[in-house]
Chemist: 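This is the structure I have questions about; it appears just below.
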Amino acid sequence: MKYQSLRGMKGILPEETPLWQIIEKTCDKNFQRFNYHEIRTPVLEMSDLFTRAVGGNTDIVSKEMYSFVDRGNRKVTLRPEATAAVVRACLQHNLISKDKLTKLFYFGPMFRYERPQAGRYRQFHQVGIETFGSASPAVDAETILLAVKIFRDLGLSDLEVDINSVGCNKCRPNFTQNLKHYLKGSIVKMCEDCHKRYQHNTMRVLDCKKPKCQHIIEEAPSTVDFLCDECRVDFESLLYILKNLGINFKVNKRLVRGLDYYTKTTYEIVSNVLGAQNAVCGGGRYDKLVSDLGGPEVPAVGFAIGLERLVEILKTTKALSSKPQAITLYFAPLGDKAKISAIEYLHKARQAGISADMDYFGKKLKAQLKNADRLGALYALILGDDELSRNTVILRDMISSSQTELSFEEALKKIK
RNA sequence: GCGGCCUUGGUGUAGAGGUAACACAACAGAUUGUGGUUCUGUCAUCAGGGGUUCGAUUCCCCUAGGCCGCCCCA
């Protein structure tokens, strides 16, 4: 094979697209009900945007970005996530302001240069939402509810919702200090990665899954134990609202997400059928991001759903077969003259709103009917010299195998 | 970025150091203009490159890609 798609990049083939369409429709429906509006941003942005928003020490920025210098000598990056780009667009076009709720959703490809494996691709797709303008935990709850609702509508109810609070600028430094203090004695016994985390992003040490680090972390303080009054109250009311809404969730004190911009609420929705890459949805609050990017102090919450993973879950648990759509009518012309007429008839049928196709190969009638059958056509229209001279067509009902000779107009009426 | 396994026709598989088997799909045919059954035929030089060998698709190396784990995340 001379050419193949780039590593970690796979297309979505016709066999799978119906499933994607089901997901997209389900999302659209719910977004509309929750009053979210679509935004589409470019896939390419200035590299600085992501470095600033996501954080220079995060894995995404330090080793996973698709960056290059363009012909105008600009450092650009294929977006590794959408939030930064959405915030940029909102600031550029003045879409957000304090005390006004702006609710946006997006859908599209993201790019991360990682080692591919099941459920992890270098180009992958996310649907997500961003809500700007409110610091109320009720909005956090709404976003979680929306995600859960989408999964439920797709027939998935056994997903696990993990929630945590990582605090805000006021209480996080306090926590970090405490954590550093706690780790000071044992850090030498921990892994190399943890040493780095200890220096640059101490909180992320909590995320380490290595056994030798695990048992040190187990006893470590958690963010929730150091929340300031505001963060604690917000976190508690979020949990309260979720309980009231009947959403099953688990407080996971070790859930520390890998993007620097999160404050207060962080959450993840995981599935047990995905293997190592088990998160289908990740989200949280980011109250400082808008101002960090040069905008006003506007709080925000959002989530992103990984579509490849969602498709994978649907395929394994629901066995949602995605059948190709069938057509209604198939034309079987016999001979060149008939072919010319068939093209006209075909056009008329389509204008009348009927999904129709025809044989362009000049195949034998047998082969044409076989094709009609395979395409799932309800009717075949046979058009030979005899019918042509009589100005009629043969309408064959592919299900009952009965057929009649009649004018094309009559045939159309019957089909409709 | 690290480690392990893997790569045969459109798909799923078999195979041995001496020049590829099976199933499904596809296409064609089984006398004249009729489908979903049956029968017959056609369809690969074994990811790419290099090496060992009288000879490799089967052995070795490199590259690319896939899968699994780590890391991280969606």
Side-chain angles (χ1 to χ4, degrees), chain A residues 1-10 13 15 54 57-64 79-83 108-128 147 191-194 196-197 201 204 207-211 213 255-259 266-271 274-283 302-313 330 332-335 338 359 361 363-388 394-403 405:
Chain A
M1 216 176 303
K2 195 168 180 189
Y3 292 111
Q4 53 184 313
S5 54
L6 288 172
R7 180 159 213 206
M9 308 216 169
K10 62 156 196 176
L13 305 181
E15 194 190 359
V54 178
N57 286 319
T58 60
D59 283 27
I60 291 177
V61 171
S62 63
K63 56 182 202 194
E64 296 170 5
R79 62 180 182 199
E81 58 106 49
T83 303
M110 309 295 157
F111 304 83
R112 288 183 203 172
Y113 195 92
E114 294 182 87
R115 189 86 165 249
Q117 68 185 71
R120 188 167 78 185
Y121 304 96
R122 289 182 172 184
Q123 176 178 334
F124 60 100
H125 299 261
Q126 292 185 331
V127 262
C191 72
E192 216 176 293
D193 289 332
C194 281
K196 278 185 210 150
R197 295 189 187 111
N201 197 344
R204 306 232 54 226
D207 237 359
C208 193
K209 278 118 195 158
K210 293 209 176 72
C213 303
L255 177 63
V256 178
R257 312 205 68 248
L259 289 77
T266 57
Y267 58 91
E268 232 169 59
I269 299 178
V270 298
S271 159
L274 284 177
Q277 311 304 323
N278 65 348
V280 249
C281 175
F303 69 67
I305 293 174
L307 291 175
E308 277 79 2
R309 291 181 188 176
L310 180 52
V311 166
E312 204 46 46
I313 298 173
Y330 193 77
L334 302 166
D359 173 78
F361 292 96
K363 288 190 184 181
K364 290 183 167 185
L365 182 55
K366 188 187 176 92
Q368 299 199 43
L369 287 175
K370 197 173 177 181
N371 210 228
D373 187 49
R374 199 162 29 205
L375 292 171
L378 266 38
Y379 298 96
L381 260 185
I382 301 165
L383 191 57
D385 289 337
D386 298 347
E387 292 76 31
L388 223 48
I394 289 172
L395 176 66
R396 181 178 177 81
D397 184 321
M398 295 298 286
I399 292 157
S400 66
S401 295
S402 58
Q403 60 187 45
E405 186 168 346

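Chain identifiers are assigned alphabetically (A, B, ...) following the order of the sequence lines, protein sequences preceding nucleic acid strands; residue numbering begins at 1 within each chain. No hydrogens, no waters, no symmetry mates; every other heavy atom, side chains included, goes into these values. On a predicted model such as this, the values are computed, not experimentally measured, just so you know.
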Chemist: How long is the span from the CG atom in A:Leu310 to the NE2 atom in A:His125, to the nearest 0.5 Å?
Modeler: 13.0 Å
Chemist: What integer number of Å spans the P atoms of B:G49 and B:G12?
Modeler: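 Nearest-Å result for B:G49 against B:G12 at atom P: 23 Å.
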Chemist: If you take all heavy atoms of A:Met110 and A:Ala82, which pair is closest and at what distance?
Modeler: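 So the minimum-distance heavy-atom pair works out to CE-CB, 3.5 Å.
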Chemist: Checking only heavy atoms, does the side chain of A:Arg120 share a donor-acceptor pair with the base of B:C71 at less than 3.5 Å?
Modeler: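 It does, because a donor-acceptor pair links the side chain of A:Arg120 to the base of B:C71 below 3.5 Å.
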Chemist: Has the side chain of A:Glu387 got a donor or acceptor that lies under 3.5 Å from a partner of the other kind on the base of B:G33?
Modeler: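 Such a pair exists between side chain and base.
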Chemist: Nearest to the side chain of A:Ile382, heavy atoms from C-beta on, is which of B:G66, B:C71, B:U34?
Modeler: B:U34
Chemist: Can you see if the side chain of A:Lys364 gets near the phosphate of B:A30 - specifically, an N or O under 4.0 Å from OP1 or OP2?
Modeler: yes
Chemist: Do the side-chain N or O atoms of A:Arg115 get closer than 4.0 angstrom to the phosphate oxygens (OP1, OP2) of B:C71?
Modeler: no
Chemist: Could you tell me how far apart A:Asp386 (CG) and B:G33 (P) are, to the nearest whole angstrom?
Modeler: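 After rounding, the reported distance stands at 10 Å.
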Chemist: For A:Ala367 and A:His125, find the nucleotide of RNA chain B closest to each by heavy atoms; which residue's nucleotide sits nearer the 5' end?
Modeler: A:Ala367
Chemist: So what does A:Met110 hit on the nucleic acid, given a heavy-atom distance under 4.0 Å: a base, only sugar-phosphate, or nothing?
Modeler: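 No contact.
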Chemist: Look at the side chain of A:Gln368 and the base of B:U34, then say whether one donor and one acceptor between them are separated by less than 3.5 Å.
Modeler: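 Absent.
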Chemist: Kindly give the heavy-atom pair with the smallest separation between A:Ile313 and A:Ser271, and that separation in Å.
Modeler: CD1-CB, 3.5 Å
Chemist: Provide the distance between the two C1' atoms, one in B:G10 and one in B:U42, to the nearest whole Å.
Modeler: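 After rounding to an integer number of Å, I get 15 Å for this pair.
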Chemist: If each of A:Phe124 and A:Gly384 is mapped to the nucleotide of RNA chain B with the nearest heavy atom, which maps nearer the 5' terminus, i.e. the 5' end?
Modeler: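 So the residue in question is A:Gly384.
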